[in-house]
Amino acid sequence: MIDWSGYVGLMLQGALVTIELTLMGSVLALFMAFLAGLGRLSRFFAVRALATAYIEFFRGTSIFVQLFWAYFVLPLLGIELTPLQAGVLALGLNVGAYGAEVVRGAVRSIGKEQYEACVALNLGRWQGMRHVILPQAFLLMLPTFGNNAIELLKATSIVSLISLADLTFQAQVVRAQTGNTLVPFTAILIGYFALAMILSWGVRSLERRLSRGIDGVRV
Amino acid sequence: MPTLIEGVKITILATILGSALAAAVGLVIALLRRSSNRLVARPVAFVAEFIRGTPLLVQLYFIFYILPDFGILLPPLLAGVIGLGLHYGTYTAEVYRAGIDNVPRGQWEAAKACNLGARQTWMHIILPQAIPPMIPALANYFIAMFKETPLLSAITVLELMNQAKSVANTYYRYLEPMTLVGAFFLVISLFSVVLLRWLERRYGRVEN
Amino acid sequence: MAEPIVKIDSISKSFGAFKVLDGLSMQVMPGEKLALIGPSGSGKTTILRILMTLERIDSGHIEVGGEQLYHMQRGGALVTADERHLAKMRQKIGMVFQLFNLFPHKCVLDNVTLAPMLTKGVPKAQAQKRAMELLDMVGMADKAKAMPAQLSGGQKQRVAIARALALSPKIMLFDEVTSALDPELVEEVLNVMRRLADETDMTMLLVTHEMGFAHDFADRVLFFDRGRIVEEGKPEEIFRNPKQERTQSFLKKIIAAGHRV
Amino acid sequence: MAEPIVKIDSISKSFGAFKVLDGLSMQVMPGEKLALIGPSGSGKTTILRILMTLERIDSGHIEVGGEQLYHMQRGGALVTADERHLAKMRQKIGMVFQLFNLFPHKCVLDNVTLAPMLTKGVPKAQAQKRAMELLDMVGMADKAKAMPAQLSGGQKQRVAIARALALSPKIMLFDEVTSALDPELVEEVLNVMRRLADETDMTMLLVTHEMGFAHDFADRVLFFDRGRIVEEGKPEEIFRNPKQERTQSFLKKIIAAGHRV
Amino acid sequence: DDAKLEQLKAQGFARLAIANEPPYTAVAADGKVSGAAPDVAREVFKRLGVEDVAASISEYGAMIPGLQAGRFDVVTAGLFMKPERCAAVAYSEPVLCDAEAMLVKKGNPKGFKSYEDIANDPTAKIGAPGGGTEEKLALNAGVPRDRVIVVPDGQSGLKMVQDGRIDAYSLPVLSINDLVQKANDPNLEVIAPVEGAPVYCDGAAFNKKDTALRDAFDVELAKMKESGEFAKIIEPYGFSAAAAISTTREKQCAAQ
Ligand SMILES: Nc1ncnc2c1ncn2[C@@H]1O[C@H](COP(=O)(O)OP(=O)(O)OP(=O)(O)O)[C@@H](O)[C@H]1O
Ligand SMILES: Nc1ncnc2c1ncn2[C@@H]1O[C@H](COP(=O)(O)OP(=O)(O)OP(=O)(O)O)[C@@H](O)[C@H]1O
Ligand SMILES: [Mg+2]
Ligand SMILES: [Mg+2]
């Protein structure tokens with residue numbers, strides 16, 4: 001029979017790469033989401049146009065194409081990235097473009113009356129944004145951000161195309177080396193699901209913590 | 001590039017069939033999850049969450065390479081369409097749920113006060129109000145599905161991306177075919193953005 | 001003396017841990033116009049919703065028109081009513097909501113004809129004829145083809161009244177039907193209700209904060225607090241000469257806030 | 001005689017094709033308590049919002065405390081005010097909204113201290129001390145640590161008043177501050193406003209449908225219709241003896257709807 | 001005089017692209033990379049003074065673009081020499097040689113012997129790696145595009161033959177043997193070599209810019225072939241050293 005014990009270590013290494021990609025990609029995505037999302041709400045046309053171009057481009061093209069570009073085409077233009085950097089870049093920029101729309105939607109959905117209260121209290125634009133609008137909007141963004149993070153986790157499975165040894169890739173290796181398909185694929189299905197559950201649990205508990213009091217429950 | 005055009009055809013066919021399946025699967029999931037019978041609602045909810053929480057790529061491998069062990073042998077395109085339809089069905093289910101939940105409670109109550117039955121309430125009051133606002137959100141997912149069709153290359157469907165790779169391999173050039181494919185996706189997506197904005201104007205905002 | 005058309009017998013109702021109604025009993029005679037008043041959260045709306053079967057009760061019994069509302073006979077025993085029984089009982093009762101709840105995707109006329117056509121199988125022509133009579137009565141005949149979104153609040157509420165009347169219920173429930181309206185529009189709705197009270201012998205239960213209207217309209221006033229009837233009587237007694245201290249303080253505050261009694 | 005603190009000079013304002021204000025002029029004296037009444041849509045809210053710089057005007061001039069509100073001197077010429085000028089002018093004005101507009105993610109105390117700390121750089125300890133005095137004045141000191149969602153409407157509105165007062169404006173604007181409240185809660189807010197009127201010499205502009213309160217509270221009443229002042233005068237004159245037919249019919253409807261004058 | 005070699009020496013390792021295809025390459029349960037191609041490369045580089053190699057598994061289709069984009073220093077993956085490839089990369093002298101084989105169901109029910117047989121049977125489908133030699137051979141033999149199925153990896157191809165999705169799956173002989181041995185399925189049969197298909201050899205593939213490095217590599221490779229050390233490395237994997245020694249890069253690159 002096949003000795004699975006060694007391959008378990010291989011799969012765990014893959015899981016580690018997947019987690020790494022997910023975390024670093026999420027950080028980049030979060031940063032881009034706020035940058036572009038607030039950029040789209042800017043008073044200045046140039047900033048709005050730039051943000052819109054970024055969002056539409058990265059939402060418009062397939063993430064595969066973006067990944068191939070980051071890995072195979074950028075070096076031709078003189079920008080050399082390691083596979084991990086290319087993966088984080090493509091995933092982060094892609095998911096960040098979706099997140100930007102979430103940021104924009106949440107900020108815009110804060111009622112007009114909150115902005116007016118800020119004016120009536122003579123808060124400046126940025127003060128109002130920072131202390132009144134964003135704290136409320138962030139709470140609205142959280143659930144969707146959670147979903148985006150899971151999307152990002154799932155999207156990491158395609159980095160095997162640029163020879164990054166993530167969870168899916170290692171499953172392919174194990175499959176080639178052992179000739180068994182069922183075991184590695186079942187294992188990674190469960191692995192991805194477990195990671196997704198952890199993510200959504202984390203976001204939910206953060207949401208619970210931040211919303212304490214706002215919904216009328218005694219703190 | 002006639003091979004690329006062949007790929008475009010397959011990509012579009014897979015998207016259309018996948019969308020139709022996702023629309024139907026989503027409605028079934030949404031209704032089953034609303035069931036008052038927990039033995040129905042709970043397992044359906046779990047399966048939907050599981051499908052939604054795992055990568056489509058791995059699911060495609062499962063459908064194509066593992067189901068035959070259990071006697072289910074699907075042609076590549078059909079396997080791809082089923083994979084896309086099931087995966088995106090779990091997303092559209094959420095759209096249906098939100099659409100139905102967004103009909104104000106007062107409408108259910110008014111229907112009851114008018115003594116309408118359950119079927120009458122669904123047909124005449126709830127669905128006519130719930131469906132138009134969800135059209136843009138559904139369209140959104142179908143566009144997303146379109147962009148994920150390159151995954152089908154893993155199960156030997158010769159869609160656009162696979163054709164492009166073939167071309168790239170023959171000439172050892174990645175830049176041109178990949179850029180062409182990128183441009184194609186971008187053009188289609190920009191068209192769909194226009195379509196989506198129009199749908200939004202006509203039917204209301206997309207729920208993110 | 002005639003039998004009561006509504007008999008409520010020590011019903012209780014909780015939302016979670018919060019007991020809204022606690023062993024409440026009351027009766028309504030046929031044709032009676034009843035006003036329910038009392039502070040916010042005292043359970044007035046809940047009673048109307050229970051009668052409309054929008055909420056279930058936890059315990060107790062309700063009879064409407066001589067029949068059990070939430071229970072039915074089966075094989076000699078009294079069991080919890082099924083949906084069919086509830087549908088039958090609902091024919092006797094109509095309700096008008098604070099926020100109108102018109103069907104926004106149907107025009108005024110269709111709002112009124114929908115239920116008679118679907119639930120009673122009334123032919124379209126006949127349903128429309130009757131609907132136009134009702135719309136005429138509430139002064140909305142000229143807006144029959146308008147969509148609800150094109151109407152003012154007062155107009156919406158008048159359509160909602162016509163819609164409830166279209167099923168010819170024996171009992172009509174009104175829950176703060178004017179409190180979402182601009183002050184200037186209140187009067188047109190109250191006028192319709194006055195006419196309704198004068199011209200029909202329908203039994204009417206009314207929850208309101210318009211003490212002036214309650215005074216003119218009602219045969220009897222019930223003052224609620226915390227899910228119990230604290231005081232009841234003729235409007236003159238309750239408003240001019242309340243016996244309970246709770247009623248007195250409530251009315252004093254309402255008057256101080258600028259409402260005429 | 002003193003100079004007016006607010007001078008509005010033939011301002012106009014349109015929303016799209018709809019002209020809300022059309023060449024309106026009015027003046028307010030320091031310390032005056034002014035009530036703006038009139039039918040829905042007549043432009044009362046719009047005037048307050050223009051004074052609070054929440055809406056721009058299309059033409060005309062406004063002076064507040066002797067300075068132009070929407071214009072400023074630059075190089076001898078009068079040009080449209082920039083954000084800095086507006087921010088300076090806003091220090092003189094505070095506003096309380098119909099729907100309170102408290103910040104739901106901050107506790108009562110933080111709602112009151114936020115603006116003084118951010119806009120005036122008041123140190124935290126000092127801002128909190130002053131906030132507690134104000135909360136005490138509106139009877140909310142014991143709820144300083146509560147979140148807005150835990151408060152009743154009347155309590156929320158009292159916090160909103162304290163919050164506006166924390167910036168010590170010379171002029172306070174109140175837009176139907178009680179019309180979203182349950183009738184029983186209206187009184188507690190009106191009491192706070194009465195105290196405010198008695199104890200300070202703040203200039204106050206009040207839009208209201210509470211005719212009784214307008215009567216007791218105001219030094220002068222302006223009756224608006226379609227963006228124009230139809231009639232103005234002392235409360236007794238306007239309410240007991242309105243000269244214009246439009247005023248008479250408006251008051252008649254309001255009274256018929258059950259409001260005491 | 002070779003800047004690239006100096007650079008590799010300095011950093012202490014060379015970056016290899018390998019395929020996920022035993023026995024050309026193998027990944028052990030502990031993740032350690034071995035297999036005929038990387039083992040040879042490791043030894044040559046050691047002799048050149050480059051301590052170690054860092055191997056990353058890549059798709060066949062991505063190897064040459066990756067090399068061009070500077071992702072790897074060398075491809076050692078059973079990437080057979082062919083005229084177009086010789087134009088795109090700088091090959092070393094031949095390293096691993098292999099004939100083509102086909103995997104079919106037991107008893108070869110359709111009687112395939114060559115790619116032409118598949119072209120002549122209008123119902124037959126053949127699987128091959130995307131961008132690989134076999135795909136091109138099948139297309140050149142006249143099999144229409146829609147009957148050449150691009151299969152992502154060996155296991156998938158094997159599975160598709162077992163499930164009857166394709167009638168034949170074509171890979172080099174040794175790769176197929178390895179697959180069949182792992183699958184341990186008595187219902188499969190290997191046809192080797194495929195009639196009419198040439199014997200192919202791979203070489204270590206370098207970027208066109210790095211011909212100096214390639215030449216240095218060739219020198220050490222030749223020494224190893226001479227000393228028999230070369231045979232010692234590759235023969236345990238089933239490859240024939242004699243086949244590689246008997247041909248040259250020129251011959252392979254000129255062949256059709
Ligand atoms: N669905 C519900 N879930 C939880 N609590 C509820 C629900 N419906 C009503 N309540 C609570 O029950 C109590 C009584 O509500 P009800 O609406 O009957 O009062 P009311 O007398 O109509 O008050 P109001 O004058 O404000 O309309 C309130 O405290 C309310 O918060
Ligand atoms: N932002 C806006 N866009 C378009 N129309 C507006 C806007 N704000 C107000 N209006 C219109 O301007 C008119 C005057 O509005 P305003 O709110 O000043 O009236 P009001 O006297 O305060 O009425 P109410 O008593 O109902 O509050 C109304 O017809 C209203 O519909
Ligand atoms: Mg109520
Ligand atoms: Mg107003």
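Note that the coordinates shown come from a computational prediction; the quantities given were computed from them, not determined experimentally.
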Original post:
B:S192 side chain to B:L195 main-chain N or O, any donor-acceptor pair under 3.5 Å?
Top reply: no

Original post:
Looking at B:T54, B:V58, B:V187, B:V181, which makes the most heavy-atom pairs under 4.5 Å with chain A?
Top reply: B:T54

Original post:
By a 4.5 Å heavy-atom criterion (distance strictly below it), what part of A:Q66 contacts chain B: side chain, backbone, both, or neither?
Top reply: neither

Original post:
At a heavy-atom separation under 4.5 Å, does A:L182 approach chain B through its side chain, its backbone, both, or neither?
Top reply: both

Original post:
Cation-pi between B:R34 and B:Y96: NZ/CZ under 6.0 Å from ring centre and within 45° of the ring axis?
Top reply: no

Original post:
With a 4.5 angstrom heavy-atom cut-off, which part of A:S200 approaches chain B: side chain, backbone, both or neither?
Top reply: neither

Original post:
Atom CD in B:Q59, atom CG in A:L189: separation rounded to 0.5 Å?
Top reply: 6.5 Å

**OP:** Tell me, out of B:D69, B:L57, B:L56, B:L151, who's got the most heavy-atom pairs with chain A below 4.5 Å.
**Re:** B:L151

Original post:
Mind checking whether B:F46 and A:F193 have parallel, tilted or perpendicular rings, split at 30° and 60°?
Top reply: perpendicular

Original post:
Aromatic ring centroids of B:Y91 and B:Y141 under 6.0 Å?
Top reply: yes

Original post:
Is there a donor-acceptor pair closer than 3.5 Å between any side-chain N or O of A:T18 and the backbone N or O of A:D166?
Top reply: no

Subject >> Which portion of A:T168 sits near chain B, non-hydrogen atoms under 4.5 angstrom >> reply: side chain

Subject >> B:L186 versus chain A, the contacting section by heavy-atom distance below 4.5 Å >> reply: both

